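Presented below is the structure to which this report refers.
Bear in mind that the values here come from a model prediction, so they are computed numbers and not experimental data.
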Amino acid sequence: MERILVVDDERLNINALNELLKSKYKVMAAINGEQALKAASSKNPPDLILLDIMMPEMDGYEVCKILKADDQTKNIPIIFVTAMGQESDETKGLELGAADYLTKPISPVILEARVQTQIKLQRSRKVLIAQKLKIEEQNDEILKEKGKSDELLRNILPEEIADELKEKGRADVKTFDKASILFTDFVGFTKAVSKMSSHELVAELNVCFEAFDHICEKYHVEKIKTIGDAYMAVGGLPLPTKDSVENTVLAALEMQEFIVNRKEENSEQAFEMRAGIHTGKVVAGIVGGKKFQYDIWGDTVNIASRFESNGEPGSVNISQSTYQELKSNPSFTFESRGLIMAKGKGELEMYFVSKT
């Protein structure tokens, strides 16, 4: 049942309005402006206010003005019910925000009709407000889910590629003339698997690969994927930088350092690692329709894999092309391994690299 607040300093007027309305509405009463304001801002505010104008201390105009200026009460409809029947009085009341204006003596039929009209409008207004709030909540939820989706996409793909995919619905395949491919794998992994429980194996891989992820992020090297115990990353894409080769080598050296320290801390379960880097031309793009994978292709990738598989455990092994990019860099020291026979590639010049 809707609540109607009758505001009048005359008890007879309050009682008369109560008699007319009590069968359909819950009638509340206030005998002055202060009581009216308090009732309107309570936990159970009225759905409609019938407001007299001529009251001591605070007249109805002032009460209306205060109510309409307050976000908490501004949507409560007000009908002035007053003996002030001049056109200017009515104009002033409506300009202050009143929904309607009735002059005394009141026709019961007209009063009931005007009240019913405002109550119906108030019901509709409440429905619209509830719908608006529901839509806002749904929009907030959609934005939250979109945020989660965007974050997941950025975890799977490079940020620039994720943004391009969202904007265009696809990501263009691109060629990079100078990318540094880093491969790592663990020595004796197959043998170690037979001695470890599945829980121990996955836990150890997770520790190592999580550390590698952080290292790659630190040096702006893009992780491509893991394949079993192998970890593949690349420097110089999707945004080429002048220090990408250097950063890729620094990342590999820090990975090796992590693995060496891990071996000292946990010798029974930790691995030794090979790491190889080759710099050259690659093609990069997204494959897959539902499960996206950012990947790279080209002979550079195959050669980098050979440098890793023929590398010395505990060291970072680099190719001739990577060496040429860094040989004048005072931050590194190089040691030639000479020519190494690589499966399917013949003899390749290989170097050890370390920090000076």
Any side-chain to backbone donor/acceptor pair from [X] onto [Y]? Under 3.5 Å, distance only.
{"X": "Asn206", "Y": "Val202", "result": "no"}
{"X": "Thr91", "Y": "Glu87", "result": "yes"}
{"X": "Glu200", "Y": "Ser197", "result": "yes"}
{"X": "Arg114", "Y": "Asp100", "result": "no"}
{"X": "Ser305", "Y": "Val301", "result": "no"}

Does the side-chain contact (heavy atoms from CB on, under 4.5 Å) test come out yes or no for Gln116 and Glu112, once each step is laid out?
CA-CA 6 Å; Gln116 187 178 39; Glu112 290 181 11; over 6 Å; no

Given a cutoff of under 4.5 Å between side-chain heavy atoms of I, L, V, M, F, W and Y, with clusters grown through shared members, what are the other residues clustered with [X]?
{"X": "Met350", "result": "Ile303, Phe307, Ile340, Leu348"}
{"X": "Val109", "result": "none"}
{"X": "Met341", "result": "none"}
{"X": "Leu111", "result": "Ile4, Val6, Ile14, Leu17, Leu20, Leu21, Tyr25, Val27, Ile31, Leu48, Leu50, Ile79, Val81, Leu102, Ile106, Ile110, Val115, Ile119"}

Does the side chain of [Y] come within less than 4.5 Å of [X]'s, by heavy atoms?
{"X": "Pro238", "Y": "Glu222", "value": "yes"}
{"X": "Thr241", "Y": "His220", "value": "no"}
{"X": "Ile76", "Y": "Pro45", "value": "yes"}
{"X": "Leu326", "Y": "Val353", "value": "no"}
{"X": "Val234", "Y": "Tyr294", "value": "no"}
{"X": "Met232", "Y": "Ile296", "value": "yes"}
{"X": "Tyr101", "Y": "Lys92", "value": "no"}

For Glu204 and Cys208: C-alpha separation, side-chain torsions, deciding distance, then whether side-chain contact (heavy atoms from CB on, under 4.5 Å) applies.
CA-CA 6 Å; Glu204 186 62 25; Cys208 296; 3.8 Å; yes

Under a 4.5 Å side-chain heavy-atom rule over Ile, Leu, Val, Met, Phe, Trp and Tyr, are [X] and [Y] clustered together?
{"X": "Leu51", "Y": "Leu96", "answer": "yes"}
{"X": "Met255", "Y": "Phe189", "answer": "yes"}
{"X": "Leu201", "Y": "Val207", "answer": "yes"}
{"X": "Leu67", "Y": "Met54", "answer": "yes"}
{"X": "Val187", "Y": "Met196", "answer": "no"}

Under the ring pair (Phe, Tyr, Trp, His ring centres under 6.0 Å) definition, can you give me all pairs with a residue in residues 223-250, not counting sequence neighbours?
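Qualifying pairs, neighbours excluded: Phe209-Tyr231, Phe212-Tyr231.
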
For [X] against [Y], the heavy-atom pair lying closest together:
{"X": "Gly235", "Y": "Thr248", "answer": "CA-OG1, 3.3 Å"}
{"X": "Ala40", "Y": "Pro46", "answer": "CA-CD, 3.8 Å"}
{"X": "Phe80", "Y": "Gly93", "answer": "CE1-CA, 3.5 Å"}
{"X": "Ala39", "Y": "Leu5", "answer": "CB-CD2, 4.0 Å"}
{"X": "Val221", "Y": "Ala251", "answer": "CG2-CB, 4.2 Å"}

Does atom CD of Glu349 have more than 12 heavy-atom neighbours, drawn from other residues, nucleotides or ligands, at distances under 6.0 Å?
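Correct, the count exceeds 12.
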
How about CD on Glu347, more than 12 heavy atoms from neighbouring residues, nucleotides or ligands closer than 6.0 Å, or not?
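Buried by this count: over 12 neighbours within 6.0 Å.
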
According to ring pair (Phe, Tyr, Trp, His ring centres under 6.0 Å), who are the partners of Phe334, at least two apart in sequence or on a separate chain?
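Partners of Phe334 under the ring pair (Phe, Tyr, Trp, His ring centres under 6.0 Å) test: Tyr323.
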
Residue pairs involving residues 316-326 (criterion salt bridge (Lys or Arg N to Asp or Glu O under 4.0 Å); sequence neighbours excluded)
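Output for this query lists Lys178-Glu325.
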
Please step through side-chain contact (heavy atoms from CB on, under 4.5 Å) for the pair Arg306 and Phe183, ending with a clear verdict.
CA-CA 9 Å; Arg306 298 296 187 274; Phe183 274 100; over 6 Å; no

Rounded at 0.5 Å granularity, tell me how far [atom1] in [X] sits from [atom2] in [Y].
{"X": "Leu205", "Y": "Phe186", "atom1": "CG", "atom2": "CZ", "value": "6.0 Å"}
{"X": "Glu136", "Y": "Gln138", "atom1": "CD", "atom2": "CD", "value": "10.5 Å"}
{"X": "Asn15", "Y": "Arg11", "atom1": "CG", "atom2": "CZ", "value": "7.5 Å"}
{"X": "Asn32", "Y": "Leu37", "atom1": "CG", "atom2": "CG", "value": "9.0 Å"}
{"X": "Glu137", "Y": "Asn139", "atom1": "CD", "atom2": "CG", "value": "10.5 Å"}
{"X": "Lys223", "Y": "Ile215", "atom1": "NZ", "atom2": "CD1", "value": "12.5 Å"}

Which pairs would a plain distance check flag for residues 55-64, meaning a side-chain donor or acceptor within less than 3.5 Å of a matching protein atom at least two apart in sequence or in another chain?
| residue | atom | partner | partner atom | Å |
| --- | --- | --- | --- | --- |
| Asp59 | OD1 | Tyr61 | N | 3.2 |
| Asp59 | OD1 | Glu62 | N | 2.9 |
| Tyr61 | OH | Asp89 | O | 2.9 |

Considering only residues two or more places apart or on different chains, which pairs with a residue in residues 66-82 satisfy side-chain hydrogen bond (donor to acceptor under 3.5 Å, both in side chains)?
Asp71-Lys74

Check salt bridge (charged side-chain N to carboxylate O under 4.0 Å, His left out) between Lys104 and all other residues, then give those that pass, not counting sequence neighbours.
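Asp8, Asp52.
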
Have a look at Glu2 and tell me which of Lys24, Arg123, Lys120, Lys22 forms a salt bridge (Lys or Arg N to Asp or Glu O under 4.0 Å) with it.
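Option passing the salt bridge (Lys or Arg N to Asp or Glu O under 4.0 Å) with Glu2: Arg123.
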
Among all residues two or more places apart in sequence or in another chain, which pass the side chain to side chain donor-acceptor pair (under 3.5 Å) test with Ser23?
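Scan of Ser23 (side chain to side chain donor-acceptor pair (under 3.5 Å), adjacent residues dropped) gives none.
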
Assess the residue pair Val7 and Gln35 against the criterion (side-chain contact (heavy atoms from CB on, under 4.5 Å)); give the C-alpha distance rounded to whole Å, side-chain angles, the decisive distance to 0.1 Å, and a yes or no.
CA-CA 8 Å; Val7 186; Gln35 289 185 8; over 6 Å; no

Indicate whether the side chain of [X] and that of [Y] have a donor and an acceptor atom separated by less than 3.5 Å.
{"X": "Arg337", "Y": "Asn317", "result": "yes"}
{"X": "Glu254", "Y": "Tyr219", "result": "yes"}
{"X": "Ser315", "Y": "Gln256", "result": "no"}

Only pairs under 3.5 Å count here: list side-chain donor-acceptor contacts from residues 271-287, not counting sequence neighbours, and write none if there are none.
| residue | atom | partner | partner atom | Å |
| --- | --- | --- | --- | --- |
| Arg274 | NE | Asp185 | OD1 | 3.3 |
| Arg274 | NE | Glu308 | OE2 | 3.4 |
| Arg274 | NH2 | Asp185 | OD1 | 3.3 |
| Arg274 | NH2 | Asp185 | OD2 | 3.0 |
| His278 | ND1 | Ser319 | OG | 2.7 |
| His278 | ND1 | Ser321 | OG | 3.1 |
| Thr279 | OG1 | Ser180 | OG | 2.8 |
| Thr279 | OG1 | Thr322 | OG1 | 2.8 |

